[in-house]
2 protein chains.
Amino acid sequence: MREGEHVVFVVDDDARIREALGELLASHGIEASTFGSARAYIEAPKPDVPACLVLDVELPDINGLDLQRQIADGDHPPIVFITGHGDIPSSVRAIKHGALDFLTKPFSEADLMAAIHAALALDRATRSARAELGVLKQRYLDLTPRERDVLPLVVSGLLNKQAAAELGISEVTLQIHRRNVMQKMAAASLADLVRIAERLEIPITRSRRQGGNAT
Amino acid sequence: MREGEHVVFVVDDDARIREALGELLASHGIEASTFGSARAYIEAPKPDVPACLVLDVELPDINGLDLQRQIADGDHPPIVFITGHGDIPSSVRAIKHGALDFLTKPFSEADLMAAIHAALALDRATRSARAELGVLKQRYLDLTPRERDVLPLVVSGLLNKQAAAELGISEVTLQIHRRNVMQKMAAASLADLVRIAERLEIPITRSRRQGGNAT
DNA sequence: GCGCACCTCATGGAAATCCATGCATCGCAA
DNA sequence: TTGCGATGCATGGATTTCCATGAGGTGCGC
């Protein structure tokens with residue numbers, strides 16, 4: 001493992017815990033970044049590497065579970081909760097909302113490290129998938145408005161002629177747009193384009209063409 | 001809500017609980033089917049309707065969590081755990097393995113009913129998706145072996161000519177297979193066929209065609 | 001004003017697809 | 001044995017797509 005390949009954020013109001021976890025992680029060759037409060041974590045700049053958030057449920061400013069909800073809609077690393085006074089409803093809520101694990105003190109080092117390794121692996125996969133999708137999204141943004149009109153029609157399976165009629169333009173013009181879309185989206189074939197559109201969740205406009213197109 | 005539209009399975013060794021839950025559900029117009037042991041539940045015939053499994057963790061024969069694992073690979077209704085002596089690790093494990101909720105006695109009727117309603121809604125959606133996929137799978141099974149050879153090549157974006165070369169047959173023959181595949185899979189267009197293949201998780205055989213096909 | 005990006009259209013030829021008709025072989029089951 | 005389904009191939013025409021070339025109009029920013 002290379003250094004700086006990943007980082008573990010530790011948020012706990014108990015300085016002894018922070019120190020202990022920092023050392024534990026260091027002994028496993030994992031870089032740790034510790035915070036004494038949720039606020040401190042939120043405001044800190046995060047390096048752009050696979051990460052994991054080890055989060056105490058009981059915090060002075062913002063409850064750990066609330067913090068989880070606050071960052072739920074953004075991109076955030078997998079969360080491993082630790083707590084000294086956990087209860088079942090909290091643990092259920094945490095896991096239901098996507099937390100990777102929920103450990104009660106005292107927990108074994110092995111359990112924690114297992115959870116952390118799983119979290120890091122998950123984040124690597126998630127980040128990789130997100131990056132791939134990001135590339136597609138960027139390409140989509142590079143399309144002109146008209147090209148964005150054409151894309152859904154094409155991947156819906158319409159003939160060029162039909163798609164052109166839909167937009168009220170000539171078939172030739174549509175072909176040009178279609179061709180530009182293929183190039184900009186880096187699609188090697190129509191099949192490719194369809195799969196890309198699927199991943200971008202581009203809605204299809206009721207397909208027609210071939211087979212039982214009777215009214 | 002029509003009768004028999006859904007059913008809730010209750011597995012608990014305490015007859016009083018079974019009776020109480022049965023009545024509670026009945027008062028909400030929901031049919032209940034109760035069992036005193038995991039074995040009894042496993043062996044019972046299940047009606048083919050949206051369902052939900054309310055499962056006690058502590059059971060005489062098989063632990064509720066073990067039962068969850070046993071039925072994990074098959075199609076089974078969403079599970080709502082209830083327990084009198086739950087612990088956090090169990091609740092975490094249960095939810096991580098897909099349980100919809102984990103309630104500790106005493107729980108409010110409202111909480112239980114909310115969980116049950118959510119579970120039934122989820123199962124309806126799951127069953128609907130499964131049924132749709134089942135139709136596609138059946139159509140796929142209706143393909144001849146050769147047609148199953150052709151499908152992945154076509155949805156990979158290969159030209160008929162290329163796909164034919166791949167199989168060592170003439171382009172004409174391949175076109176016939178391709179046409180049959182489209183009809184049997186009820187795909188209105190190539191775009192449709194690609195999406196169907198995606199849902200069936202048919203692997204693509206390295207696409208080529210168009211754009212930078214220089215060696 | 002000028003350039004540039006975008007949208008539009010036409011022509012024409014090459015390539016590919018779609019479709020129908022006809023036919024042959026093989027293997028298996030009624 | 002007869003029949004059927006699966007597989008294979010050919011011809012030919014209609015349709016569609018692919019691609020290149022050429023060209024006009026609009027709107028926006030420098």
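In the text below, chain A, chain B and the rest are named by the order of the sequence lines, each starting its count at 1. Heavy atoms only: backbone and side chains are in, while hydrogens, waters and symmetry mates are out.
Within residues 141-150 of chain B, the residues that have a heavy atom under 4.0 Å from DNA chain D are, in order of number, B/T144, B/P145, B/R146.
With sequence neighbours excluded, the residues satisfying side-chain hydrogen bond (donor to acceptor under 3.5 Å, both in side chains) with B/Q138 are B/D142. A/R39 is linked by a salt bridge (charged side-chain N to carboxylate O under 4.0 Å, His left out) to nothing, counting only residues two or more places apart in sequence or in another chain. In terms of the ring-ring contact (aromatic ring centres under 6.0 Å, His included) criterion, residue partners of B/Y41 (sequence neighbours excluded) are, by chain and number, B/F9, B/F35. Shown here are the side-chain hydrogen bond (donor to acceptor under 3.5 Å, both in side chains) partners of A/K161, two or more places apart in sequence or in another chain: there are none. Residues forming a side-chain hydrogen bond (donor to acceptor under 3.5 Å, both in side chains) with A/R199 (at least two apart in sequence, or on another chain): A/E132. Partners of B/D73 by salt bridge (charged side-chain N to carboxylate O under 4.0 Å, His left out), not counting sequence neighbours: none found. Residues meeting the side-chain hydrogen bond (donor to acceptor under 3.5 Å, both in side chains) test with B/E198, sequence neighbours left out: none. Shown here are the salt bridge (charged side-chain N to carboxylate O under 4.0 Å, His left out) partners of B/D66, two or more places apart in sequence or in another chain: B/R69.
Nucleic acid contact for B/S170: sugar-phosphate only, since backbone atoms but no base atoms lie under 4.0 Å from a heavy atom of the residue.
When the C1' atom of C/dT17 is taken as reference, atom CG of A/L159 falls 11 Å away, rounded to whole Å. Separating the NZ atom of A/K161 from the P atom of D/dA14 is a distance of 14 Å, rounded to the nearest angstrom.
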>> Protein within reach of the bases, or only the backbone? For nucleotides 25-30 of chain D, mark each nucleotide 5' to 3' as B, S or -, using heavy atoms under 4.0 Å.
In response: ------
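Each end of the helix from C/dG1-D/dC30 to C/dA30-D/dT1 gets its own axis, taken as the rotation carrying the C1' atoms of four end pairs onto the next four within a five-pair window, and the two axes meet at 30° to the nearest 10 degrees.
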Could I get a table of every N or O pair under 3.5 Å where one atom is in the protein and the other is in nucleotides 20-30 of chain C?
unit_1	atom_1	unit_2	atom_2	d
C/dA20	OP2	B/R179	NH2	3.3

